[in-house]
Engineer: 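Pasting a structure here, questions to come.
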Amino acid sequence: MNACHCPTETAPAREPNETIHRPQFRITDNADGTTVNIALPGVRKEDLKLTLHEYSLRVEADRQDEVPESWKTHRDSDTVRRYGLDLRLGSRLDGTRTTASLVAGVLKLDVPVREEAKPRQIPVN
């Protein structure tokens, strides 16, 4: 069973009628913790916001499509695409030690297991 849960389809909208897109993501558990890979194509590190509150990790990102003025487009190029994802961390994970990297449009979050949740040997006297 995954230690990381995704209870909502999208993050709450910031303004009325604003669409927040839920990015594709993959969760992988291992003995050391959980890795979450989130597809955020075209998002720059400066336009990414990660917020941890108790057992909830929120990912918010904006992607601005910039087109040179001399180009003609067939769609609205001034549109900002907003991404949002709420991840609920299980009690076995330590969200305060989460590490994040953004490479080639993929945000990688590594959330380690809490020290007290790791198995350990108990000596017998």
Engineer: If you compare all heavy atoms of Gly84 against all heavy atoms of Pro23, which two are closest, and at what distance to 0.1 Å?
Structural biologist: O-CD, 3.5 Å

Engineer: Can you measure from CD (Glu54) to OG (Ser91) and round to the nearest 0.5 angstrom?
Structural biologist: 13.0 Å

Engineer: Give me the atom names and distance for the closest heavy-atom approach of Arg97 to Val113.
Structural biologist: NH1-O, 3.7 Å

Engineer: Considering non-hydrogen atoms only, spot the tightest contact between Ala61 and Val43 and give its length.
Structural biologist: CB-CG1, 3.8 Å

Engineer: Give the intermediate values and the outcome of side-chain contact (heavy atoms from CB on, under 4.5 Å) for residues Leu109 and Thr99.
Structural biologist: CA-CA 6 Å; Leu109 302 172; Thr99 59; over 6 Å; no

Engineer: Is a side-chain donor or acceptor of Ser56 paired with a backbone partner of His53 at a separation under 3.5 angstrom?
Structural biologist: no

Engineer: Using the side-chain contact (heavy atoms from CB on, under 4.5 Å) rule, take Tyr83 and Arg63 through it: C-alpha gap first, then chi angles, then the decisive distance, then the call.
Structural biologist: CA-CA 8 Å; Tyr83 294 100; Arg63 182 186 79 199; 3.4 Å; yes

Engineer: Please say which of Asp47, Leu48, Leu40 ends up in a side chain to side chain contact (heavy atoms under 4.5 Å, CB included) with Arg44.
Structural biologist: Asp47

Engineer: For the atom pair CG (Leu57) and CG (Leu89), what is the distance rounded to the nearest 0.5 Å?
Structural biologist: 5.5 Å

Engineer: Yes or no on side-chain contact (heavy atoms from CB on, under 4.5 Å) for Ile122 and Val124, after CA distance, side-chain angles and deciding distance?
Structural biologist: CA-CA 6 Å; Ile122 300 172; Val124 178; over 6 Å; no

Engineer: So which atom in Arg92 and which in Asn30 form the shortest heavy-atom distance, rounded to 0.1 Å?
Structural biologist: NH2-O, 3.3 Å

Engineer: Could you walk me through whether Leu52 and Thr96 pass the side-chain contact (heavy atoms from CB on, under 4.5 Å) check?
Structural biologist: CA-CA 8 Å; Leu52 177 68; Thr96 62; 4.1 Å; yes

Engineer: Can you tell me how far apart NZ (Lys49) and CG (Asp62) are? Round to the nearest 0.5 Å.
Structural biologist: 10.5 Å

Engineer: How long is the gap from OG1 on Thr51 to CZ on Arg58, to the nearest 0.5 Å?
Structural biologist: 7.5 Å

Engineer: Can you tell me how far apart CG (Leu85) and CG (Leu87) are? Round to the nearest 0.5 Å.
Structural biologist: 4.5 Å

Engineer: Just by distance, with hydrogens left out, do Arg82 and His21 show a side-chain donor and acceptor under 3.5 Å apart?
Structural biologist: no

Engineer: Under a 4.5 Å cut-off applied to non-hydrogen side-chain atoms, are Gln24 and Ile38 in contact?
Structural biologist: no

Engineer: Any chance you could measure Leu107, atom CG, to Leu50, atom CG, to the nearest 0.5 Å?
Structural biologist: 6.0 Å

Engineer: Would you kindly confirm whether Leu102 and Val106 end up in one hydrophobic cluster when ILVMFWY residues are joined by side chain heavy atoms under 4.5 Å apart?
Structural biologist: no

Engineer: Apply salt bridge (charged side-chain N to carboxylate O under 4.0 Å, His left out) to Asp32 and list each qualifying residue two or more places apart in sequence or on a separate chain.
Structural biologist: none

